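One structure is given here, and the rest of the page talks about it.
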Amino acid sequence: MSGKGGKGAAEDPGSEPTLGMDPFEDTLRRLREAFNTGRTRPADFRAAQLEGLSRFLQDNKQLLQDALVQDLHKSPFESDVSELITSQNEVDLALKNLQDWMKDEPASKSLLTRLDSAFVRKEPFGLVLIIAPWNYPVNLTLVPLVGALAAGNCVVLKPSEISKSTEKVLAEMLPQYLDQSCFAVVLGGPQETGRLLEHKFDYIFFTGSPRVGKIIMAAAAKHLTPVTLELGGKNPCYVDDDCDPQTVANRVALFRYFNAGQTCVAPDYILCSPETQERLLPALQSSITRFYGDDPRSSPNLGRIINQKQFQRLQGLLGCGRVAIGGQSDESDLYIAPTVLVDVQETEPVMQEEIFGPILPIVNVRSLDEAIDFIKRREKPLALYAFSNSSQVVNQMLDQTSSGSFVGNEGFVYLTLPSLPLGGVGNSGMGRYHGKFSFDTFSHHRACLLSYPGLEKLKEIRYPPFTYWKQQLISWALGSQNCTLL
Ligand code: NAD
């Protein structure tokens, strides 16, 4: 943080919060006072923060890559494409479009308001809290931060305590690049975050599990604080009989095993017929060998599980169904081989919880209709994938289901497009961000109408008593929407 926030704040990493004392009060008061001075509002100030963030990414590239190796065994290439370049692109986009995004948006008017000026102003919420998970600990912390800074807010950033090395870099280095009176990093796990959430924020942006999402929303409700919840869940991947198995296998394997499967939008399980399963299995084996070699453990391109708790949870899931590919694991190295499970029952744990690891169960369905029914009987997923040579099949899946995002014949490459929002629906979350969606998420859209102090004669028709002709005139004027803009 800027560092002056007391225990729980970033200048004191690792310290235990003192019971009874509020470790966040001073920091939050300071940030709120800074916001109230209005200093974060001008475009120049926002641009300076974004430029600082850009310099942070450039100056600390090596430190961040090293931290990502320590936390997740991420290869420099994987770190680049999924964390650093993505964050940098978001900063660059915001800098390029800031003036435009900040402009008032003119609103259409009725005859009654014809002479007035009507517009939507995007103004900062105030003091916003961003809480991040550990699986993409740079991207999922900094990309929301871009939106929050661009929108002119003061920001409290709470990185995940689980991705310890990245948390350390963010806490020690990032504040040096931002205005410390308006920005703070705070540290801690569930207990500290619980205390943090007792305070009133003007917006909370949370990325994490649906379980914790409910805790965040309940805490926010006490202050009527609006929230974005970027959550997880099980993402179905339907594979039609009419497909090229090797192409499908390549694309599914790449996106299932990327970051050792610890990706919120990764395909979580395959739905296909028993015949397609028979064709897919050798193709998946071939993709895995091609990507990670005969011994995936020695591949520099395969990540590791974040910690022992997650490793043990995943090892438990390996006992579901029957291992068709992979299945090896080594706790001392937090390694789990890219795995495919077959003969899996819907009632088994691997089909009951989000997998979040390099395990891919295949569940058999007899038809597209049965797959759609299977998906609709469950919570709305964050992402839904459909593979088929038939565009009709892909479109039917798109039309008859709901999910945060939908992808036909690809993996989660849509995340590289800031023109598409990232966000869930139902159990997978609420709200959206990336690109301009981030700016809009972190801005209050204020309805503004500026009228004239004069023109009283013209406005007199609105005053009681409402004679017949006044009623007619007002009804007519109210009905004439979408007049020209001033
Ligand atoms: P998590 O919900 O356990 O933790 C997320 C954050 O919440 C962390 O910063 C953590 O310190 C904090 N937290 C944990 N318990 C808390 C509590 N009781 N009270 C207050 N704060 C608490 O999630 P995770 O394990 O870090 O990440 C994995 C989950 O995140 C998966 O479900 C995954 O799908 C989801 N996720 C979603 C997206 C998305 O964009 N929708 C992206 C990445 C991860």
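One-based numbering, in listed order, for ligands and for the atoms of each. Note that this is a predicted model, so its numbers are computed, not measured.
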Protein heavy atom under 4.0 Å of atom 23 (O) of ligand 1:
yes
Listing request: all side chain to side chain donor-acceptor pair (under 3.5 Å) pairs with a residue in residues 418-439, at least two apart in sequence or in separate chains.
Lys436-Asp440
Under 4.0 Å from one or more heavy atoms of Phe356, ligand 1 contributes atoms 28 (C), 31 (C), 33 (C), 34 (O)
How does [X] reach ligand 1, by side chain, by backbone, by both or by neither, if only non-hydrogen atoms under 4.0 Å count?
{"X": "Ile131", "value": "side chain"}
{"X": "Ser428", "value": "neither"}
{"X": "Tyr136", "value": "neither"}

Taking distance alone, with N or O pairs closer than 3.5 Å, would you say Leu231 contacts ligand 1?
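By distance alone, the answer is yes.
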Taking distance alone, with no angle check, do Asn135 and ligand 1 share an N/O pair under 3.5 Å?
no
Compute the minimum heavy-atom distance from Gly424 to ligand 1 and say whether it is under 4.0 Å.
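Under 4.0 Å: no for Gly424.
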Check for me whether Ile162 has a heavy atom closer than 4.0 Å to any atom of ligand 1.
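Judged by the 4.0 Å heavy-atom criterion, Ile162 does not count as contacting ligand 1.
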Among protein heavy atoms, which lies nearest atom 39 (C) of ligand 1, and at what distance?
Cys264 SG, 3.3 Å
Please identify each residue that fulfils salt bridge (charged side-chain N to carboxylate O under 4.0 Å, His left out) with Asp399, with sequence neighbours left out.
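Salt bridge (charged side-chain N to carboxylate O under 4.0 Å, His left out) check on Asp399 returns nothing, list empty.
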Count the heavy atoms of every other residue, nucleotide or ligand shown that sit under 6.0 Å from NZ of Lys122, and state whether that count exceeds 12.
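Yes, enclosed.
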